[in-house]
Each structure stands twice: as structure tokens, then as C-alpha cells.
S.K.: 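Quick one: structure below, then a few questions.
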Amino acid sequence: MHEIVANIHMHSRFSDGSGTHTEIAQAAIRAGIDVVIVTDHNVLVQGISGYYGEGHHKVLLLTGQEVHDQARQPQKNHLLVLGAGQEMAQHARDPQRLIDAVRAAGGLSFLAHPFDLEAPLVGGDDISWVDWDVQGYTGVELWNSLIEMKPLLRNWLKAYFYAYFPGYISRGPFPEMIAKWDQLLNAGQRVVALGGSDAHAWPVDMGPIHKKIFPYEFHFSAINDHLLLREPLSGDWQADAALVYEALAAGRVFIGYELPYPTRDFHFSAESGVQRATMGEELRLDGQAVLRVSTPLCGIVHLMHNGQLLKEVESDALRVEIDQPGVYRVEAYQRYKGRQRAWIMSNPIYII
């Protein structure tokens with residue numbers, strides 16, 4: 001497998017972001033990531049996708065959409081649409097119809113910021129996902145970098161602080177979101193978890209603040225998705241886009257919070273007999289299986305089984321023998337800026 005780093009879910013001037021696609025690509029190159037997927041609200045910007053930059057300093061930029069019913073107030077049920085290749089906003093009023101249309105077009109769909117509570121201080125509505133009876137979506141945005149800030153805005157002093165020091169914001173996915181993901185997994189659904197930056201790079205005039213808060217480059221240096229591709233990127237943008245979407249669909253991805261320490265070279269695998277599996281894959285239990293975890297730095301590592309803590313170690317490696325089927329995934333934590341924060345969130349390995 002070939003590991004690449006992607007940042008998914010951001011907005012350009014075509015909706016409510018401040019940057020052009022070229023500016024977004026340049027920020028991604030400076031941050032050293034491999035792929036960005038721009039998802040403007042209810043518009044698919046075509047003719048933009050491809051490689052930007054030259055030589056080793058280039059990035060693959062792809063476009064998708066964040067689709068929601070603009071007539072609904074507040075606007076619930078935001079859906080990230082990736083790889084569909086055609087406009088999907090016309091289906092926004094009916095979430096199931098929208099998901100079905102994305103699947104029919106060969107695309108992927110992820111429930112965006114499913115627990116997105118209100119922030120009265122700045123006029124932010126609760127725009128959570130509410131239609132949980134839908135079926136056929138690819139996954140969920142487990143960790144949204146921008147939305148994580150909303151519950152922290154309890155007064156203007158805190159708002160000013162986080163605007164100037166955004167590195168203090170991220171702590172990990174909301175507990176309600178993790179619990180919902182585990183509930184879906186335990187019910188037998190194969191639900192891929194993503195991290196999303198939700199980058200806008202907003203210019204803000206708020207009292208004494210006159211600055212662009214949370215610029216693209218900050219987001220690209222914070223919460224990213226690490227994808228395991230079956231082949232290395234070739235430089236042919238269409239072939240490489242297919243590799244990216246295939247890895248996302250399969251769930252061969254982990255979420256990495258890069259500010260405490262880079263997360264490249266995290267590994268999570270399972271072995272049983274001659275079988276071997278990694279994230280997003282299933283492994284048939286042949287008596288016993290061995291789960292192996294390695295992290296690029298010593299951290300607090302949690303091995304989870306069906307949503308419950310199975311093993312906790314403070315180490316950069318973990319080996320556990322198991323004899324029970326179920327959904328196994330990994331959470332790793334680092335201490336950063338005075339508190340323990342989520343560092344790595346893996347997708348599951350399914351032991352059957």
C-alpha cells in the first residue's frame with residue numbers, strides 16, 4: 001500500500017470560501033499534502049481538477065460538492081459528494097434520493113458534520129444531520145475541524161482567543177459522533193469515517209479582530225486524511241483520482257491530527273493464518289488473529305472492540321491476540337498545548 005495525505009471538505013470563492021482554486025492548491029503545496037478535494041456548497045465546479053505545481057512541489061486538486069436543501073431553515077442534512085462527476089444539488093430536498101443519485105453516478109457520499117450544534121454568540125445555527133434512517137451512504141465526517149470550535153465559543157474573550165490561537169481548538173471528534181459511528185458499525189453497517197477541515201479562510205472584522213481566520217494552510221497542517229492506495233500516484237490526474245476514490249470507498253484511511261506530531265507511517269493490521277487485512281478490510285477468524293498497531297511516536301493507544309476499550313498502552317507499538325469476531329479500530333492520543341488530544345483515529349478492521 002502507498003500512503004498519501006489528503007485534505008477533504010473545503011470551500012472556495014464559488015460558495016462561501018475566500019480563496020481561488022489556485023490559492024487553495026498553493027496553500028496545500030506549502031503544507032506538503034498530496035490531495036485536496038474542494039466541496040463548494042450546492043455547486044460542482046468543473047474544469048478545475050488536475051495537478052497544480054511542478055516536480056515534487058505539486059498537489060492533486062479535485063472538486064466535489066457539499067449539498068443541502070437551501071430552502072430548509074435551518075439547513076440540516078449536509079452531504080459531501082465526491083467523485084460523482086455531475087451536479088447533484090437538484091436532489092437536495094430528499095436526502096435518500098440524493099444519496100441514491102450519487103451512488104447511481106458512481107460517486108461517494110459522506111454525512112457532513114453530523115453533530116453540528118448552534119453557536120448563539122456568532123449566530124451559528126444547529127445544522128446537524130437529522131435523517132438517520134437513510135441508507136447507502138459511504139460514510140460520515142467523524143471529525144470536523146471548523147465545527148469543533150462552535151461549543152467553545154462561550155463568550156467574546158474565548159472567540160478572540162481561538163481566532164488568534166486556533167491550535168488550541170481541536171481536542172477530538174465529539175463523543176456523540178463517536179458513539180453514533182460505533183452504533184452504526186455494531187448494527188452491521190460498513191461506515192467509513194473521514195476527517196474534514198471545512199476550510200473557508202474567512203476574512204473577519206469582529207471588534208478588534210481584522211484578519212483572515214483559520215487560513216487554508218492552517219487547516220492543511222492540522223486534521224488530514226491518510227489514504228492507503230493500491231498503487232503510487234502516477235501524475236495522470238484522472239487515474240490518480242480513481243485511486244483516491246477507491247481507497248476512500250474501501251475505508252483504507254485514517255484521520256491524523258498533525259499539529260502535535262506528524263502521523264505518517266501509522267499502521268494497523270490483522271493476521272490470521274495466511275490472511276492479512278488492513279483498515280477497511282475484513283478478515284475471517286481462523287482460530288486466533290493477531291492485531292498489530294504502530295505509531296510514529298509514543299502515544300496513548302486505545303484498541304477498541306465493538307466500541308468498547310479492549311486494550312490501552314502508552315507506547316509506539318501494540319500486539320494483541322484475539323479470538324472474538326467484531327469491529328476493531330484504534331484511537332491514539334498525544335498531550336499537546338496542556339491537554340490530551342486525539343491524534344490518530346483509524347477506520348475499522350472487520351473480523352468475521
Side-chain angles (χ1 to χ4, degrees), residues 1-12 14-15 21 24-25 28 33-52 59-68 77-92 95-113 134-142 144 189-199 224-255 279-281 347:
M1 294 291 181
H2 302 269
E3 181 181 352
I4 66 164
V5 182
N7 194 280
I8 299 169
H9 188 179
M10 69 203 67
H11 303 278
S12 77
F14 280 86
S15 58
H21 288 85
I24 290 171
I33 61 176
D34 302 299
V35 178
V36 290
I37 306 181
V38 184
T39 51
D40 279 307
H41 292 282
N42 291 307
V43 58
L44 177 62
V45 183
Q46 303 202 53
I48 296 292
S49 295
Y51 274 100
Y52 290 67
V59 65
L60 174 59
L61 183 145
L62 303 173
T63 58
Q65 293 177 271
E66 182 179 355
V67 178
H68 53 95
N77 298 334
H78 288 223
L79 189 77
L80 295 178
V81 177
L82 310 179
Q86 57 186 266
E87 179 62 65
M88 288 291 162
Q90 68 271 24
H91 305 297
Q96 187 62 65
R97 180 179 175 183
L98 171 59
I99 291 167
D100 292 343
V102 174
R103 290 187 70 188
L108 311 178
S109 57
F110 294 85
L111 313 190
H113 42 77
V134 294
Q135 300 290 324
Y137 54 92
T138 310
V140 296
E141 189 179 47
L142 185 74
N144 180 295
Q189 296 190 49
R190 299 292 177 93
V191 180
V192 179
L194 292 183
S197 66
D198 210 349
N224 289 314
D225 294 299
H226 292 241
L227 281 54
L228 302 182
L229 307 186
R230 295 197 182 277
E231 301 174 19
L233 296 174
S234 66
D236 177 333
W237 81 262
Q238 291 175 311
D240 291 346
L243 289 172
V244 167
Y245 293 136
E246 190 273 333
L248 288 171
R252 295 196 310 274
V253 56
F254 67 88
I255 306 166
M279 292 170 289
E281 298 177 345
N347 268 280

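Both backbone and side-chain heavy atoms feed into the values below; hydrogens, waters and symmetry mates do not.
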S.K.: What heavy-atom pair brings Trp237 and Ser49 nearest, and what distance separates the two atoms?
M.R.: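 Heavy-atom minimum between the residues: CZ3-CB, 3.6 Å.
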S.K.: Who passes ring-ring contact (aromatic ring centres under 6.0 Å, His included) against His91, sequence neighbours left out?
M.R.: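 ring-ring contact (aromatic ring centres under 6.0 Å, His included) check on His91 returns nothing, list empty.
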S.K.: Do you know which two heavy atoms are closest between Ala6 and Leu227, and how far apart they sit?
M.R.: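 Nearest pair, atom of Ala6 first, then Leu227: CB-CD1, 4.1 Å.
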S.K.: Return yes if some donor-acceptor pair links the side-chain N/O of Asp34 with the main-chain N/O of Leu60 below 3.5 Å, else return no.
M.R.: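 Not at all, since once roles are kept as given, no pair shorter than 3.5 Å links the two residues.
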S.K.: Which pair of non-hydrogen atoms, one from Val67 and one from Ala89, has the smallest distance, and what is that distance?
M.R.: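 Closest pair (atom of Val67, atom of Ala89, distance): CG1-CA, 3.9 Å.
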S.K.: Give me the atom names and distance for the closest heavy-atom approach of Leu243 to Pro232.
M.R.: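 Smallest interatomic distance, heavy atoms only, reads CD1-O, 3.9 Å.
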S.K.: For Asn224, check side-chain hydrogen bond (donor to acceptor under 3.5 Å, both in side chains) against everything at least two apart and list the hits.
M.R.: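 Listed in chain order: Asn7.
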S.K.: If you define the side chain from C-beta out and look only at heavy atoms, does anything of Val253 sit under 4.5 Å from Val192?
M.R.: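 In contact.
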S.K.: Which donor-acceptor pairs under 3.5 Å do side chains of residues 98-113 form with protein atoms, sequence neighbours excluded?
M.R.:
from, atom 1, to, atom 2, distance (Å)
Asp100, OD1, Gln96, NE2, 2.9
His113, ND1, Asp116, OD2, 3.3
His113, NE2, Glu66, OE2, 3.1

S.K.: Pair Val45, Val38 - check side chain to side chain contact (heavy atoms under 4.5 Å, CB included), show working.
M.R.: CA-CA 9 Å; Val45 183; Val38 184; over 6 Å; no
S.K.: To check you understand the geometry: which heavy-atom pair defines the closest contact between Ile37 and Thr63, and what is its length?
M.R.: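 What the structure gives for the nearest pair is CG2-C, 4.4 Å.
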S.K.: Do you know which of Val244, Ile4, Ile8 makes side-chain contact (heavy atoms from CB on, under 4.5 Å) with Asp225?
M.R.: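 Among the candidates, only Ile8 passes.
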S.K.: Could I get the full list of side-chain hydrogen bond (donor to acceptor under 3.5 Å, both in side chains) partners for Thr138, not counting sequence neighbours?
M.R.: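 So Thr138 forms no side-chain hydrogen bond (donor to acceptor under 3.5 Å, both in side chains) with any residue.
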S.K.: The criterion is salt bridge (charged side-chain N to carboxylate O under 4.0 Å, His left out); which residues satisfy it with Glu246, sequence neighbours excluded?
M.R.: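 Counting only residues at least two positions away or on another chain, Glu246 forms a salt bridge (charged side-chain N to carboxylate O under 4.0 Å, His left out) with Arg230, Arg252.
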S.K.: Please report the interatomic distance CD1(Ile48) to CG(Leu62), rounded to the nearest 0.5 Å.
M.R.: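 Atom-to-atom, Ile48:CD1 and Leu62:CG are 12.0 Å apart.
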S.K.: Taking the inter-plane angle between the rings of His68 and His41 on a 0 to 90° scale, is it parallel (under 30°), tilted (30 to 60°) or perpendicular (over 60°)?
M.R.: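 Taking His41 first and then His68, their aromatic rings stand perpendicular (interplane angle over 60°).
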S.K.: Nearest 0.5 angstrom please: Leu82 CG to Leu248 CG, how far?
M.R.: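 One finds 6.5 Å between CG of Leu82 and CG of Leu248.
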S.K.: I'd like to know if the side chain of Gln65 and the backbone of Val81 have a donor-acceptor N/O pair within less than 3.5 Å.
M.R.: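 Judged by distance alone, no pair lies under 3.5 Å.
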S.K.: Quick one, Tyr137 with Val191, criterion side chain to side chain contact (heavy atoms under 4.5 Å, CB included). Give me CA distance, side-chain angles, the key distance, then yes/no.
M.R.: CA-CA 8 Å; Tyr137 54 92; Val191 180; 4.2 Å; yes
S.K.: Residues in side-chain hydrogen bond (donor to acceptor under 3.5 Å, both in side chains) with Asn347, at least two apart?
M.R.: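 Expected list: none.
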S.K.: With distance as the sole test, does Ser234 use its side chain to make a donor-acceptor pair with the main-chain N or O of Asp240 at under 3.5 Å?
M.R.: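 Checked: no pair found.
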S.K.: Within the distance-only criterion (no hydrogens, no angle test), does the side chain of His11 pair as donor or acceptor with the backbone N or O of Thr39 below 3.5 angstrom?
M.R.: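 At least one qualifying donor-acceptor pair exists.
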S.K.: So how far is it from Glu141 CD to Asp198 CG, rounded to the nearest 0.5 Å?
M.R.: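 Answer for the CD-CG pair, Glu141 versus Asp198, is 6.0 Å.
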S.K.: Minimum heavy-atom separation for Leu229 to Ala247, with atom names?
M.R.: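 That would be CD2-CB, 3.8 Å.
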S.K.: Mind checking whether His21 and Tyr52 have ring centres under 6.0 Å apart?
M.R.: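 That pair fails the under 6.0 Å test.
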S.K.: Let me confirm one number: the CZ-CG distance from Phe14 to Asn42, rounded to the nearest 0.5 Å.
M.R.: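 Reported to 0.5 Å precision, the distance equals 15.0 Å.
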